[in-house]
Amino acid sequence: MVAATGNADTSVGHGELIKAVDHALTTHGRALLTGPAGAGKTEVVRAVAAAAEARRESVLRLAPEAADQWIPEASAAALLASVPAAALDQLSGPQRTAIALLRREADAPRAGRDHIALRLAVVEVLRTLAARQPVLLVLDNAQWLDAESTDLLRFALRLTPPRVRVLVAECVQGGAPVGEALCGAGAPAIRVPPLGADEVAELLVRHCLPARLAGRIHQASGGNPRLALALGHSLAEAAEARDSSAHHADPLPVSGQAREVARRLLAGVPAQARRTLLLAALASRPTTSLLRRAGRPDAEAELAEAERAALVRVGEDGTVEFTAGALPTALAADAGWPERAAGHAALAAAVDDPVQAVRHRALAVDTPDQWLAAEITEAAAVCRRRGQRVLAAELGLLAAERTPSWLAGEELARLVAAAEDAGWAGRADLARRATRAVLARDASSADRVRARLAVIDAAGQALGALDETFAYAMDEAAGDPSLQAAVQLRIAWKHNLSDGDPVRSRDAAAEAGRLAALGGDQTAEAMALTVRARMGRILGDTDAEEILAEALALPAPEVPLGMRNAPQYLAVRHALFDDRLADARRQLMVLLPAVQRTGSAEDVFEVLRSLTEVELRSGRCEAASAHARRALELTIEAGLSPGPAWYVAAMAEATGGSFARAAGYARRGIQASQEEQDQVFLSRSLHALGLVELATGEAAKAVATLRRVAALEAAQQVVDPSVLRWHGELAEALIAADAPGEAAELLDRVGTVALRLGRTGVVAALDRARGLCLSAQGEADEAVHLLEATAQRFDALQLPLERGRTLLALARVERRRRRRAPARAALRAAAEVFALAGAAPWTELAREPAPGEGGGAQAAAAVLTEAETRLALLVSQGASNQEAAAKLFLSVKTVEARLTRIYQKLDVRSRAQLATALRTR
């Protein structure tokens, strides 16, 4: 009974919370920890108790279970059973007798016991323990205390000395709260917050679950750790059962353990409130007024109970939102068919949207109906025009289910349309469901191919596992050039994204274009030319722009394969690559409302991604961060592949937010891209991580990370250095890691290509690294001249952040040759540039140290390279050569040679003198 109930691994994300509880206990002596079941209260309590024990405090624990609330004084008996016998020996006779009776006969009749003696005994025990050492009394699961134990503890805790501190953890749902009564009215109440999407991702990684599912699981769990893990395990088990990997857009199965956790969360609300919650779960956009019209006159009061239990949030306008997406699923699953049907019938009469009225009427019956099926089909068409493709897909499937068997042709057409809507919306689960139904019928080859293409389109970045689908689609498309062109086009995308092979992608696109022209499909022909132009840019083909112009010259009707694959969008990307940022931004602002109207989440994401990159390079970090947040929210909401969104978030944070958060996003992007075999965004997320490592002084790590980028780019045969600009960063990292020779070779090789292709922005970035390389090779004057000229070039190109980074490099070079005034001037200029752009982490890097703040070490290090500075600091702090070599990823021989140079530069002969030099110079 006294064992604490197991919670999820909630050490993730609760470090600050544990500190807050410790602070409350230190300042007030009492603390109340609240939150829903599974939020992590038990783990927080354990961490606080462990810290108290480490301080040699006496810790008393009580963690009742649900059944204990019905046994009078059961919890009091369990608490006293954990008290050391020595503390009981000093009690008076009646007090010892009362405790003995309680411990022996906790479930016996209470008549005849001396309850006054028992209460005084508890007080005396706590006082005795506190006289020896501080006491922490931990009451977990306080909602399950029996009433008699609650009264006894409330009496005792009022009379305890200050050296007895009390931590009460209580679930917010079910029954009357007892925590405040135990702690007193003035005790701080600390609520366990839900985990953020980042923390859910970390939790999944710790439990060997796919990180790419973090967004969906965060949305479905509401950040509840126990529910998040249960959902993750359920999804992994479902994927294993069907012998395939879990897809990022699959529905989260609220079954097994996940359903039990959801039921526990819902258990605290009374039956009337639960009926109102069921109606809210069945509605698409529930509001209090809708629920009242649907037959729940006390909806506000009942929802208020659910809100206190942290199940819903009710907005000022009456909108109702479940805190966890799994809750409405569990409510609907646990309700019987008659109850669900009655709820849909009530909502059909209450909603004011005709589309939703048709949907609810269809869900209120389960028999085929020719006229109802036709109404649903028309509603799906309305949703398609509105850009609501997910709802269109759901309605299409519903229309097919309600179609009588003697209308097989109409049923098949509705299934194919549903599959295509799902493919457009990126809903792999709905696309697979519709396609399975199509393939099970006597469908034509064209319908079968259209359905299979929908599955491919819904897969997002995860095309690597669809080889069989591609093979069947090619076989069934034989003899129809237009269908063959559509399949070949998607094969071209796969060769680029999953295989990292732009040459095969370009060749497949050429074949797709030939077939499209043969079939008279100008839209597919334009798309194929677009892929050829995109791959040509990557491969450094001189005719890439001509091919793009050819694609742009073709008619531009509605784009059935997505704006992200259209020549108009590629023209924006080329403008970004060429640093024509004003042109790119102007075109993106035209595309954004257009793609929002189409209802393609992937198209909207792509435009937001490009806007983020344009704003970052333009030095508008706040606007870039806003676009990145929208892109991440859209990814989670629509169930898109998360790797690209985490890359975008990493770049926004690395420039305008926090290096630490940027590194976290980048690592999640790396993992998600690896899981989905997405070579393109794997390179990008690695680049983002390498940039952060370089900026934060971890040169050895940056070299290792950026070398992975170089290897991936080489494997993908990327020639044009403007597509992903990692080359300058790798050169700078090599210089900082004391490898200027290798850096110079890289700069010469890439510089030749950049000059040949006319990539002026890339050349300038390479020259910044070249300036640092010259400085490391002892050519300080040439380095300063080159860096000053490069800063002016970035100014002319209107790339403020690149100019700021160049000024930082200039300050570093000036410091090394002990020219303090020019160094300070360059540093101040860089700080002004970064501050104006809102580049917070870079502004901090450019901050001049206050008097006495690290001045000695900086003065001494001014004559050292960055690599030498890091080694000097490690050695001065007591690291051996072997330890320093391990931390810096170097050989011991390299450390010894570098240390010799450091001694010579600082004119010291020992480690002690080195430490003194760093402290005093």
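All residue numbers refer to positions in the sequence shown, counting from 1. For the numbers below, each heavy atom of this structure counts, side chains included, while hydrogens, waters and symmetry mates do not.
- A salt bridge links Asp447 with Arg450; the closest basic N to acidic carboxylate O contact falls under 4.0 Å.
- For Arg490 (side chain) and Ala486 (main-chain N/O), a donor-acceptor pair under 3.5 Å exists by modelled atom type.
- Using a 4.5 Å heavy-atom cutoff, the side chains of Glu339 and Leu278 are in contact.
- Between Arg402 and Ala373, the closest heavy-atom pair is O-CB, 3.8 Å.
- In terms of modelled atom types and a separation under 3.5 Å, the side chain of Arg514 and the main chain of Ala510 share no donor-acceptor contact.
- We find that Glu602 and Arg389 are not joined by a salt bridge, their nearest charged nitrogen and carboxylate oxygen being 4.0 Å or further apart.
- Between His207 and His233, the ring-plane angle classifies as perpendicular under the 30° and 60° cut-offs.
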Between Val351 and Leu290, is a side chain to side chain contact (heavy atoms under 4.5 Å, CB included) present by the stated rule, with each step listed? CA-CA 7 Å; Val351 295; Leu290 172 63; 3.8 Å; yes
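- Listed by chain and residue number, Gln488, Ile491, Ala492, His495 satisfy the side chain to side chain contact (heavy atoms under 4.5 Å, CB included) test with Ala508 (two or more places apart in sequence, or in another chain).
- No hydrogens or angles considered: nothing links the side chains of Glu410 and Thr403 as a donor-acceptor pair under 3.5 Å.
- Under the 4.0 Å criterion applied to side-chain N and carboxylate O atoms, Arg427 and Asp421 are not assigned as salt-bridge partners.
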Can Ile670 and Trp646 be said to form a side chain to side chain contact (heavy atoms under 4.5 Å, CB included), step by step? CA-CA 9 Å; Ile670 291 165; Trp646 277 333; over 6 Å; no
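- The closest side-chain heavy-atom distance from Arg597 to Pro593 is below 4.5 Å.
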Assess the residue pair Ser641 and Asp678 against the criterion (side chain to side chain contact (heavy atoms under 4.5 Å, CB included)); give the C-alpha distance rounded to whole Å, side-chain angles, the decisive distance to 0.1 Å, and a yes or no. CA-CA 10 Å; Ser641 297; Asp678 180 351; over 6 Å; no
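- No side-chain donor from either of Arg668 and Gln671 sits under 3.5 Å from a side-chain acceptor of the other.
- Side-chain contact check for Lys494 versus Leu466: every heavy-atom pair is 4.5 Å or farther apart.
- The minimum heavy-atom distance linking Ala324 with Gly222 is given by the pair CB-N, 3.7 Å.
- With salt bridges taken as basic N to acidic carboxylate O contacts below 4.0 Å, one links Arg285 and Asp353.
- The nearest pair of heavy atoms linking Cys383 to Leu395 is SG-CD1, 3.8 Å.
- For Asp366, the CG atom counts as densely surrounded, since its 6.0 Å shell holds more than 12 non-hydrogen atoms of other residues, nucleotides or ligands.
- In this structure, the separation between CD on Glu378 and CD1 on Ile376 is 12.0 Å, given to the nearest 0.5 Å.
- A distance of 8.5 Å separates CG in Leu634 from CZ in Arg630, rounded to the nearest 0.5 Å.
- In this structure, the side chains of Trp493 and Asp457 come closer than 4.5 Å at one or more pairs of heavy atoms.
- With hydrogens and angles disregarded, a donor-acceptor distance shorter than 3.5 Å links the side chain of Thr323 to the backbone of Leu311.
- Side-chain contact of Ser673 with Tyr647: a donor-acceptor pair under 3.5 Å is absent, judged by distance alone.
- Remark: Glu260 engages Arg263 in a salt bridge, criterion side-chain N to carboxylate O under 4.0 Å.
- Between the side chain of Thr435 and the backbone N or O of Ala451 there is at least one donor-acceptor pair closer than 3.5 Å.
- A donor-acceptor pair under 3.5 Å is formed between the side chain of Asp603 and the backbone N or O of Arg564.
- Taking all atoms of both residues into account, the shortest heavy-atom contact from Ala332 to Arg340 is O-NH1, 3.1 Å.
- Looking at Leu529 and Leu554, their side chains come closer than 4.5 Å, going by heavy atoms from C-beta outward.
- Screening residues 476-487 for salt bridge (charged side-chain N to carboxylate O under 4.0 Å, His left out) gives Arg448-Glu476, Arg452-Glu476 as the qualifying pairs, with residues at least two apart or on separate chains.
- Note: Arg296 CZ to Leu291 CG = 9.0 Å, rounded to the nearest 0.5 Å.
- Note that CG of Leu391 and CZ of Arg384 are 10.5 Å apart. Values are rounded to the nearest 0.5 Å.
- A donor-acceptor contact shorter than 3.5 Å is absent between the side chain of His344 and the backbone of Arg359.
- The minimum heavy-atom distance linking Ala509 with Ala528 is given by the pair O-CB, 3.4 Å.
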Just do the side chain to side chain contact (heavy atoms under 4.5 Å, CB included) check on Leu453 and Ile456 with the steps written out, would you? CA-CA 5 Å; Leu453 293 179; Ile456 294 169; 4.2 Å; yes
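- More than 12 heavy atoms of other residues, nucleotides or ligands shown are found within 6.0 angstrom of CH2 on Trp337.
- The closest donor-acceptor contact from the side chain of Thr635 to the backbone of Ala631 lies under 3.5 Å.
- Here the CD atom belonging to Glu606 is positioned 9.5 Å from the OG atom belonging to Ser600, to the nearest 0.5 angstrom.
- Open room surrounds OH on Tyr472; 12 or fewer heavy atoms of other groups in view lie less than 6.0 Å from it.
- A salt bridge does not link Arg414 to Glu411: none of the charged nitrogens lies less than 4.0 Å from a carboxylate oxygen.
- Note: Leu347 CG to Arg361 CZ = 13.5 Å, rounded to the nearest 0.5 Å.
- Residues Val355 and Arg386 are in side-chain contact: their nearest non-hydrogen atoms beyond the backbone lie under 4.5 Å apart.
- Shortest non-hydrogen contact noted between Ala362 and Leu398 is CB-CD2, 3.5 Å.
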